[in-house]
Amino acid sequence: MQDILPSFIQVGELADGFAPDSLAPPHSKELDGNNLLLCFDDNSAADCRFDSEGRAHVDIVRPGLASALAEVDGYHASNSLRPGVFFIDFRHGGDARLSLSLALDLGRQRCTLVSGSLPDAADVRLSAFERAERELEQSGVAVSFAHGAINRPATEAPPPGCGALVGMRNRYRYSPTECYEHIYLNDHFYAWHCLEGVEQGLADVDRCHGFQLAQGLYLFVWREKIIPTLGVLLIDLERMQTDGKIFGYQGRDFGASRSFRVGARASVVNVVPAQPAVSAASRE
């Protein structure tokens, strides 16, 4: 009897699988009525006002990286991890391929804006070999980061890299039916494996990015190469919880995008101690 291999699905189907009894945190009203001046490290700035109906009103004070917020027209904020720490998923009023998320720490008066974009249909259909020949990244999903401060000039950026996550094999329970394992290989790549759910049996190694926002708190972003997918998570290694979003296309026609909130209970399966780098000379 021939084994039937699991197939990759679009983000819209993944969202439907995650939806029943999802552990995604609810919308927080703590930002309602707040005006926050976000000052980024390229000297750009945006004034954001959050109203009680889930709308975000943005005025660009100084153009630059902050200009990505110009077409924002709604938001979903949650603060399920630590007091004063929010994950904000903005609704973009323009290009449906664009994603904007904000990690906001009111206590430390810091923020990080994550801007992502999905590839078009022609880019998605480039083979892995052709991407390598052209010296392109394997994932056509693009991402950029803007670090800044709240109501004051931007100062130091958070330390880059996945830090304490590297070497961990963690299990994430997103709902009663959805469970994944992540293995953090280094600061640039991680492996994922679906243990239960609509992607059960699927696994891959994808590009990732990390920043340490506070002790035990990481902003973790991944970009998948087979199905165009952007994941943006806050991972709290003290509370062993996550909060974030997954973004991609609704269906296979690339006509509409889908963004859905995710949250998970985390557990550590094991940890592989970091190994020192081995030079070519020492191997001879």
**Study point:** L100 CG to S117 OG distance, which is reported to the nearest 0.5 Å
**Key:** 10.0 Å

Point to revise | Close side-chain approach of F86 to L234, heavy-atom, < 4.5 Å | key: no

Practice item. Carefully, step by step, assess D206 and T229 under the rule side-chain contact (heavy atoms from CB on, under 4.5 Å). Key: CA-CA 10 Å; D206 282 311; T229 306; over 6 Å; no

Review point. Between R131 and D123, is the closest basic N to carboxylate O distance under 4.0 Å?
Key: yes

Exercise for review: May I ask whether I150 and F50 are part of the same hydrophobic cluster, defined by side-chain heavy atoms of I, L, V, M, F, W, Y residues being less than 4.5 angstrom apart, directly or through others?
Suggested key: yes

Practice item. Report yes if the side chains of V221 and F211 come closer than 4.5 Å at any heavy-atom pair, otherwise no. Key: no

Check your understanding: If Ile, Leu, Val, Met, Phe, Trp and Tyr residues are connected whenever their side-chain heavy atoms lie under 4.5 Å apart, and connections chain through other members, are W192 and V205 in the same group?
Key -> no

Practice item. For R239, look at atom CZ and say whether over 12 heavy atoms of other residues, nucleotides or ligands are found less than 6.0 Å away. Key: yes

Review point. Can you tell me how far NE2 of H76 sits from OG of S259, rounded to the nearest 0.5 angstrom?
Key: 10.0 Å

Point to revise | Proximity of H27 and Y75 rings by center, below 6.0 Å | key: yes

Review point. Between Q138 and A128, is there a donor-acceptor pair closer than 3.5 Å when you use the side chain of the first and the backbone of the second?
Key: yes

Check your understanding: How close do L102 and C111 get, heavy atom to heavy atom, and via which atoms?
Key -> CD1-CB, 4.0 Å

Point to revise | Any donor-acceptor pair under 3.5 Å from Y218 side chain to A164 backbone | key: yes

Check your understanding: Counting only heavy atoms not in Q215, do more than 12 sit closer than 6.0 Å to its CD atom?
Key -> no

Check your understanding: Side-chain contact, heavy-atom cut-off 4.5 Å: P153 with C39?
Key -> no

Check your understanding: How close do F254 and A121 get, heavy atom to heavy atom, and via which atoms?
Key -> CD1-CB, 3.6 Å

Study note, to complete from the structure: Closest non-hydrogen atoms of G116 and L230, given as atom of the first, atom of the second and distance, are CA-CD2, 3.9 Å

Study note, to complete from the structure: Residues passing the ring-ring contact (aromatic ring centres under 6.0 Å, His included) test with H209, sequence neighbours excluded, are F145

Review point. What distance separates L233 CG from T242 OG1, expressed to the nearest 0.5 Å?
Key: 5.0 Å

Review point. Would D16 and V198 count as a side-chain contact (heavy atoms from CB on, under 4.5 Å) if you check the C-alpha gap in whole Å, the side-chain angles of each, and the deciding distance to 0.1 Å?
Key: CA-CA 9 Å; D16 293 339; V198 290; over 6 Å; no

Check your understanding: Do the side chains of L36 and F87 join up, straight or via other hydrophobic residues, at under 4.5 Å, putting them in one cluster?
Key -> no

Practice item. Take L69 and L113 through the test side-chain contact (heavy atoms from CB on, under 4.5 Å) and record every step on the way to the result. Key: CA-CA 9 Å; L69 294 166; L113 181 67; 3.9 Å; yes

Review point. Less than 4.5 Å apart, any side-chain heavy atom of F220 and any of Y190?
Key: yes

Exercise for review: Would you mind reporting whether D236 and V85 have side-chain heavy atoms less than 4.5 Å apart?
Suggested key: no

Check your understanding: CG of L65 to CZ of F40: how many Å apart, nearest 0.5 Å?
Key -> 7.5 Å

Review point. Between H193 and R169, is any pair of side-chain heavy atoms under 4.5 Å apart?
Key: no

**Study point:** N/O donor-acceptor pair under 3.5 Å between S115 side chain and S144 backbone
**Key:** no

Point to revise | Parallel, tilted or perpendicular, as decided by the 30° and 60° cut-offs, for the rings of H182 and Y172 | key: tilted

Point to revise | Under 3.5 Å donor-acceptor, S257 side chain and R97 backbone | key: no

**Study point:** Parallel, tilted or perpendicular, as decided by the 30° and 60° cut-offs, for the rings of Y174 and F18
**Key:** tilted

Review point. What's the shortest heavy-atom distance between A45 and L37, and which atoms?
Key: CB-CD1, 4.3 Å

Check your understanding: Among the clusters formed by ILVMFWY side chains lying less than 4.5 Å apart, do I235 and V271 turn up in the same one?
Key -> yes

Study note, to complete from the structure: Those residues at least two apart in sequence (or on a different chain) that pass side-chain hydrogen bond (donor to acceptor under 3.5 Å, both in side chains) with S28 are N79

Review point. Any ion pair linking K225 and E137 (charged N to carboxylate O, less than 4.0 Å)?
Key: no

Check your understanding: Can you name the nearest heavy-atom pair linking L202 to S7, along with the distance?
Key -> CD1-O, 3.4 Å

**Study point:** side-chain contact (heavy atoms from CB on, under 4.5 Å) between L126 and R134, intermediate numbers included
**Key:** CA-CA 10 Å; L126 287 177; R134 295 188 187 182; 3.9 Å; yes

**Study point:** Residue of the set T112, D42, D41, T155 for which side-chain hydrogen bond (donor to acceptor under 3.5 Å, both in side chains) holds with H147
**Key:** T112

Point to revise | Euclidean distance, K245 NZ relative to S101 OG, rounded to 0.5 Å | key: 3.5 Å

**Study point:** L14 with F8, same ILVMFWY side-chain cluster at under 4.5 Å
**Key:** yes

Review point. Where is the tightest heavy-atom contact between L98 and F247, given as atom of each residue plus distance?
Key: O-CZ, 3.6 Å

Review point. Would you say R223's side chain and V141's backbone share a donor-acceptor pair under 3.5 angstrom?
Key: yes

Check your understanding: Roughly how far, to the nearest 0.5 Å, is CG of N151 from CG of D47?
Key -> 8.5 Å

Review point. Checking salt bridge (charged side-chain N to carboxylate O under 4.0 Å, His left out) against R171, which of E196, E178, E181 comes through?
Key: E181

Review point. Do D187 side-chain atoms and C162 backbone N/O form a donor-acceptor pair below 3.5 Å?
Key: yes

Practice item. Determine yes or no for a side-chain-to-main-chain donor-acceptor pair under 3.5 angstrom, with R49 supplying the side chain and N34 the backbone. Key: no

Point to revise | Pairwise side-chain contact, D105 with L217, heavy-atom cut-off 4.5 Å (strictly under) | key: no

Check your understanding: How about N270: does its CG atom have over 12 heavy atoms from other parts shown lying under 6.0 Å from it?
Key -> yes

Point to revise | Close side-chain approach of Q10 and R258, heavy atoms under 4.5 Å | key: no

